[in-house]
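Below: one structure, written as structure tokens.
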Amino acid sequence: MSQERLNNKLLESLPAEVIKPAYDRSEVTTGIVHLGIGAFHRAHQAWYTENRIAAGEKDWGIVGASLRSAGVRDQLVPQNGLYSVVEKSNAGTKVQIVGAVSDVLVGPESPQQLLELLAQESVRIVSLTITEKGYCHDPASGDLNPQHPDVIHDLANPQAPKSALGYIVGALALRKERGLPGFTVLTCDNLPSNGKLLGNVLAQFAEKVDGELAAWIAKNTTTPSTMVDRIVPATTDADREELEALIGCRDEAAVMAEPFAQWVVEDNFLRGRPEWDKAGATFVDDVEVYELIKLRLLNGSHSMLAYSGYLAGFETVADVMAEPAFNKLALHFMKSEATTSIDVPADFDIAAYQAELIERFENRALRHRTWQIAMDGSQKIPQRWLGTLRHQLANNGPIEVLSFALANWIRYVSAVDEKGNAIEVSDPLAAELKAICDQFKPQGNETLAAAFLAFTPVFGDDLQQSAPLQQAVVSWLNKLDSEGTLAAVRSSFADL
């Protein structure tokens, strides 16, 4: 196979069925800087923006920035920023080449260059996909964590920040100094009320830098909330080789995605925005209920299936869903626990949404690994499960599936699976979580469950007081110990 990389010159020679930019990329100017330019952004926000650039909105080009490593830069820059979005479903494959990204900077290599880019007057939106842990916050309270190593570093080294907060506040300081307007900071991460959370930690960080600057930032930025949805598994070497056979050149930056995409955005922009609604996005006054529906149904189910599915021996979500008992469990969780915790709008067809989620989870063309979804659970669980759990406990509602999910998560973070094999737990609190397992598991499941529910960085101060929750988690831990996850699911949920 050809090892020539995708680039501008090769566009015309791509197969006719490949969708490609039909506009002059040299005419596009930078209006958006995106921090955290991973696969999800390329398959979602940049994909929506591509539609608007192609329609003539050429002042909304994107420059991406990686805040940790040079990996994405090394994928994209040799390809002139071009990459493929490969939509995979049980019905087939569609390939689109996206040209919205013109360049990628690497923060650690030249923090001053990135600060200067963010300070350019043409940049009107700074968007983020930095994962939950990138906000340097306490997930239980939503406040800035002043002891976070990146916060400590950035306050001491404002000219060479590490965190997104450090870069944003540093760039806004330059704009204030130069008499330039601010920008909209658009978070696209899976956090409830993500814009409010971002505004809160941004204000707290800025206040630690300079009170006058913090006041200026409050007047010269907006932080709209968003809800984003598209399943984007990690791209594998096999995916790249399959794509190379389809298009005749190598694309190191390709992203795999399902056909479905959703973006709900609070319409609160400081200096304009692309007409993303014409590309399928929805602009609303209040995103919160849409966030809750997505976080509690889709993300909540995904995490539940990831931990239990991994322990049951399944590699992908589609594999998990092929097991009838798990399939029934997923829909049961959505109906009985997740949906009943939300005041669903009257014009929203929640039953159709539930059915659509099941169909998306069953997509065998996407190899969405349970291990990938299980990453960073300590940061995700407060958003995906605990709001639902608190609602059900306060209303004497069902907690059967959520307590099952928590028991599986506890087993997962012990870093040893049911066969005694090591689990590579990818989580910023992995060491602390394993230490709880190692210390308290020998004392029995009651002690283990109590120790976890008392771990305030994840569970806050209140859930350790709930006797029904502790009893339910202990019951599931005992069942998992005696039967294993797969047998426990089959014996408990097969007859739903």
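All values below come from the heavy atoms of this structure, side chains included, with hydrogens, waters and symmetry mates left out. For reference, positions follow the sequence shown, starting with 1.
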| query | Is R273 positioned over the aromatic face of F283, cation under 6.0 angstrom from the ring centre and no more than 45 degrees off axis? | reply | yes

| Under the 3.5 angstrom rule, does the side chain of Y83 hit a backbone N or O of A43 as a donor-acceptor pair? | no

| Between CG on residue L402 and CG on residue L406, distance to nearest 0.5 Å | 6.5 Å

| Residue K208 excluded, over 12 heavy atoms near NZ under 6.0 Å | no

| task | Show your reasoning for whether side-chain hydrogen bond (donor to acceptor under 3.5 Å, both in side chains) applies to E400 and W476. | result | CA-CA 9 Å; E400 179 187 26; W476 277 116; 5.7 Å; no

| Between P345 and I293, which heavy-atom pair has the shortest distance, and what is it? | CD-CD1, 4.2 Å

| task | Would you check if there is a donor-acceptor pair between the side chains of T485 and N408 at a distance under 3.5 Å? | result | yes

| request: Mark yes or no: R360 above the aromatic ring of F260, with NZ or CZ under 6.0 Å from the six-membered ring centre and no more than 45 degrees from the axis. | output: yes

| request: Go through the steps for N90 and E362 under the test side-chain hydrogen bond (donor to acceptor under 3.5 Å, both in side chains), then give the verdict. | output: CA-CA 9 Å; N90 294 334; E362 291 172 342; over 6 Å; no

| request: Apply the test side-chain contact (heavy atoms from CB on, under 4.5 Å) to residues I381 and W409: give CA-CA distance (whole Å), side-chain angles for both, the deciding distance (0.1 Å), then the verdict. | output: CA-CA 9 Å; I381 282 173; W409 177 69; 3.3 Å; yes

| message | I'd like to know if the side chain of H44 reaches the main chain of Q262, judged simply by a donor and an acceptor atom lying under 3.5 Å from each other, with no hydrogens or angles considered. | response | yes

| Smallest separation among heavy atoms of G377 and D427, with atom names | N-OD2, 2.9 Å

| Can we call the ring centroids of H302 and F361 under 6.0 Å apart? | yes

| Near-ring test F493/F404, centroid separation under 6.0 angstrom | yes

| message | Under 6.0 Å between ring centres: does that hold for Y48 and W276? | response | no

| task | Could you give me the CA-CA distance, side-chain angles and deciding distance for T339 and Y353, then say whether side-chain hydrogen bond (donor to acceptor under 3.5 Å, both in side chains) is met? | result | CA-CA 11 Å; T339 298; Y353 182 72; over 6 Å; no

| note | dist Q383:CD -> L292:CG (nearest 0.5 Å) comes out at 11.5 Å

| message | Can a donor-acceptor pair be found, under 3.5 Å and without considering hydrogens, that links the side chain of D417 to the backbone of N421? | response | yes

| message | Side chains of S89 and N363: any donor to acceptor distance under 3.5 Å? | response | no

| Min side-chain heavy-atom separation L297-Q354 under 4.5 Å | yes

| field | Residue pair T316 / T370, side-chain heavy-atom distance below 4.5 Å | value | no

| message | Using a 6.0 Å cut-off, check whether atom NZ of K328 has over 12 heavy atoms from anything other than its own residue. | response | yes

| message | Keeping R124 on the side-chain end and F269 on the backbone end, is there a donor-acceptor pair under 3.5 Å? | response | no

| request: Give the intermediate values and the outcome of salt bridge (Lys or Arg N to Asp or Glu O under 4.0 Å) for residues D319 and R364. | output: CA-CA 8 Å; D319 293 337; R364 298 200 65 80; 2.9 Å; yes

| task | Please examine the side chains of Q45 and T129, heavy atoms only from C-beta on, and report whether any two atoms are closer than 4.5 Å. | result | yes

| Do the side-chain N and O atoms of E288 and S225 include a donor-acceptor pair separated by under 3.5 angstrom? | no

| said: Between E258 (side chain only) and K88 (backbone N and O only), is there a donor and an acceptor less than 3.5 Å apart? | reply: no

| query | Do R42 and V98 touch side chain to side chain, with heavy atoms closer than 4.5 Å? | reply | no

| task | Mark yes or no for whether T221, through its side chain, and F183, through its backbone, hold a donor-acceptor pair below 3.5 Å. | result | no

| field | T282 versus Y290, side-chain donor and acceptor atoms under 3.5 Å | value | no

| What pair of heavy atoms forms the shortest contact from S163 to L67, and how long is it? | C-CD1, 4.2 Å

| Taking atom CD of Q465 and atom CD of Q470, what is their separation to the nearest 0.5 Å? | 10.0 Å

| said: Quick test of your reading of the model: are E323 and R490 salt-bridged, counting only N-O distances below 4.0 Å? | reply: yes

| said: If I compare all heavy atoms of I399 with all of P468, which pair ends up nearest, and what's the gap? | reply: CD1-O, 4.0 Å

| field | Pairwise side-chain contact, Q379 with P428, heavy-atom cut-off 4.5 Å (strictly under) | value | yes

| message | Between R411 and C437, is there a side-chain heavy-atom distance shorter than 4.5 Å? | response | no

| task | Using distance alone, with no hydrogens and no angle criterion, decide if W371 and E315 have a side-chain donor and acceptor under 3.5 Å apart. | result | no

| Does the T222 side chain pair with the main chain of P224, one donor and one acceptor, at a distance under 3.5 Å? | no

| remark: Distance col, row L202:CG vs T223:OG1, nearest 0.5 angstrom, shows 7.5 Å

| said: Tell me if the CD atom of Q443 is crowded by more than 12 foreign heavy atoms within 6.0 Å. | reply: yes

| request: For residues F452 and F459, establish whether the separation of their ring centroids is below 6.0 Å. | output: no

| message | Taking the basic N atoms (NZ, or NE/NH1/NH2) and the acidic carboxylate oxygens, is any pair closer than 4.0 Å for D150 and R68? | response | yes

| Once you round to the nearest 0.5 Å, how far does OG of S414 lie from NZ of K434? | 7.5 Å

| query | Between the side chain of R296 and the main-chain N/O of S341, is any donor-acceptor distance below 3.5 Å? | reply | yes

| Exercise: identify the closest heavy-atom pair between A206 and I217 | CB-CD1, 3.9 Å

| field | Backbone of G300 reached by a side-chain donor or acceptor of W385 within 3.5 Å | value | yes

| said: Under 3.5 Å, is there a donor on one side chain and an acceptor on the other for N190 and E132? | reply: no

| request: Please report the shortest heavy-atom distance between G142 and N200, naming the atom on each side. | output: O-ND2, 3.2 Å

| query | Taking the side chain from D189 and the backbone from I130, do they hold a donor-acceptor pair closer than 3.5 Å? | reply | yes

| Please walk me through it: do K162 and D154 pass salt bridge (Lys or Arg N to Asp or Glu O under 4.0 Å)? | CA-CA 6 Å; K162 290 183 177 180; D154 289 359; over 6 Å; no

| request: Given side-chain hydrogen bond (donor to acceptor under 3.5 Å, both in side chains), test K294 with N299 step by step and report yes or no. | output: CA-CA 6 Å; K294 191 255 180 170; N299 298 121; 3.2 Å; yes

| said: Do V458 and P139 make a side-chain contact, defined as non-hydrogen atoms from C-beta onward lying under 4.5 Å apart? | reply: no

| request: Give, for atom CD of E275 and atom OG1 of T49, the distance between the pair rounded to the nearest 0.5 Å. | output: 12.5 Å

| Do N145 and D138 have side-chain atoms, one donor and one acceptor, less than 3.5 Å apart? | no

| query | So do E266 and N194 actually touch side chain to side chain, heavy atoms under 4.5 Å? | reply | no

| request: Evaluate side-chain contact (heavy atoms from CB on, under 4.5 Å) for Q392 paired with T340, printing each intermediate quantity in order. | output: CA-CA 8 Å; Q392 299 297 6; T340 57; 2.7 Å; yes

| query | With a cut-off of 6.0 Å (strictly less than), are more than 12 heavy atoms of other residues, nucleotides or ligands near CG of D285? | reply | no

